[in-house]
Amino acid sequence: MYAIVEIAGQQFKVSKDQKVYVHRLATEEGSKVTFDKVLLVDDNNNITLGAPAIEGASVEAKVLQHLQGDKVIVFKKKRRKGYKKKNGHRQALTQIVIEGINAGGAKKKATKKETAEAAE
């Protein structure tokens, strides 16, 4: 069983017990995170495709650690002009492990507008 889920603006193909590096999440190490934007779920060749996301599907993960990626050197030069710029960048990452994929077990959180309409 696998799922394609959107995490921090990027899409990942994930399965149970898989470790994934994603852009830095604003959660503490050791805490659990639920991702509700599941785009596709494959359960033994039974494919469910969302438009754009599947209602009620979710992926549960645990934050293992926060770290930085490898250094990338950005070097800019214009020939014959004496212009050189050297800059480095290290991406802030979070390592997560996927604990489970719920094809239809998650409940969608109601917005304030939906709760106001339901109250009327």
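- Judged by distance alone, the side chain of Lys13 and the main-chain N or O of Ile4 form no donor-acceptor pair under 3.5 Å.
- Once rounded to the nearest 0.5 Å, the distance linking NZ of Lys76 with OH of Tyr83 reads 5.5 Å.
- Judged by distance alone, the side chain of Arg90 and the main-chain N or O of Gly69 form a donor-acceptor pair under 3.5 Å.
- Linking ILVMFWY residues whenever their side-chain heavy atoms come closer than 4.5 Å, directly or via other members, places Val22 and Ile98 in the same cluster.
- Shown here for Ala57 and Ala103, the closest heavy-atom pair between the two residues is CB-O, 3.3 Å.
- When side chains are defined from C-beta on, Phe35 does not count as touching Val14, because their heavy atoms never get closer than 4.5 Å.
- The shortest non-hydrogen separation linking Lys37 to Ala53 is CG-CB, 4.3 Å.
- Within the 3.5 Å criterion, the main-chain N or O of Asn46 finds no donor-acceptor partner in the side chain of Asp43.
- Taken to the nearest 0.5 Å, the CD atom of Glu99 stands 9.5 Å off from the OG1 atom of Thr34.
- You'll find the side chain of His89 reaches within 4.5 Å of the side chain of Gln91, heavy atoms only.
- Note that the OG1 atom of Thr48 and the CG atom of Leu40 stand 7.5 Å from one another [nearest 0.5 Å].
- By the 6.0 Å and 45° rule, Lys86 does not stack over the aromatic ring of Phe75.
- Contact of the Lys19 side chain with the Leu64 side chain is registered, since non-hydrogen atoms from C-beta on lie closer than 4.5 Å.
- Linking Ile, Leu, Val, Met, Phe, Trp and Tyr whenever their side-chain heavy atoms come within less than 4.5 Å puts Val63 and Val20 in one cluster.
- Contact check on Glu60 versus Lys32 returns no salt bridge, with no Lys/Arg side-chain nitrogen under 4.0 Å from an Asp/Glu carboxylate oxygen.
- Distance alone, capped at 3.5 Å, is enough to place a donor-acceptor pair between the Thr94 side chain and the Leu25 backbone.
- In this structure, the separation between CD on Gln18 and CD1 on Ile101 is 8.5 Å, given to the nearest 0.5 Å.
- A distance of 11.0 Å separates CD of Gln95 from NE2 of His66, quoted to the nearest 0.5 Å.
- Note that the CD atom of Gln65 and the CG atom of Leu93 stand 10.0 Å from one another [nearest 0.5 Å].
- Side-chain heavy atoms closer than 4.5 Å link hydrophobic residues (I, L, V, M, F, W, Y) into clusters, and following such links, possibly through other members, connects Tyr2 to Leu49.
- Put simply, the side chain of Leu39 does not reach to within 4.5 Å of the side chain of Val5, judged on heavy atoms.
- With contacts defined as side-chain heavy-atom distances shorter than 4.5 Å, the pair Ile96/Val33 does not qualify.
- Judged purely by atom type and a 3.5 angstrom limit, Arg24 has no side-chain atom pairing as donor or acceptor with the backbone of Gln68.
- Put simply, the side chain of Gln10 never gets that close to the backbone of Ile7: no donor and acceptor are under 3.5 Å apart.
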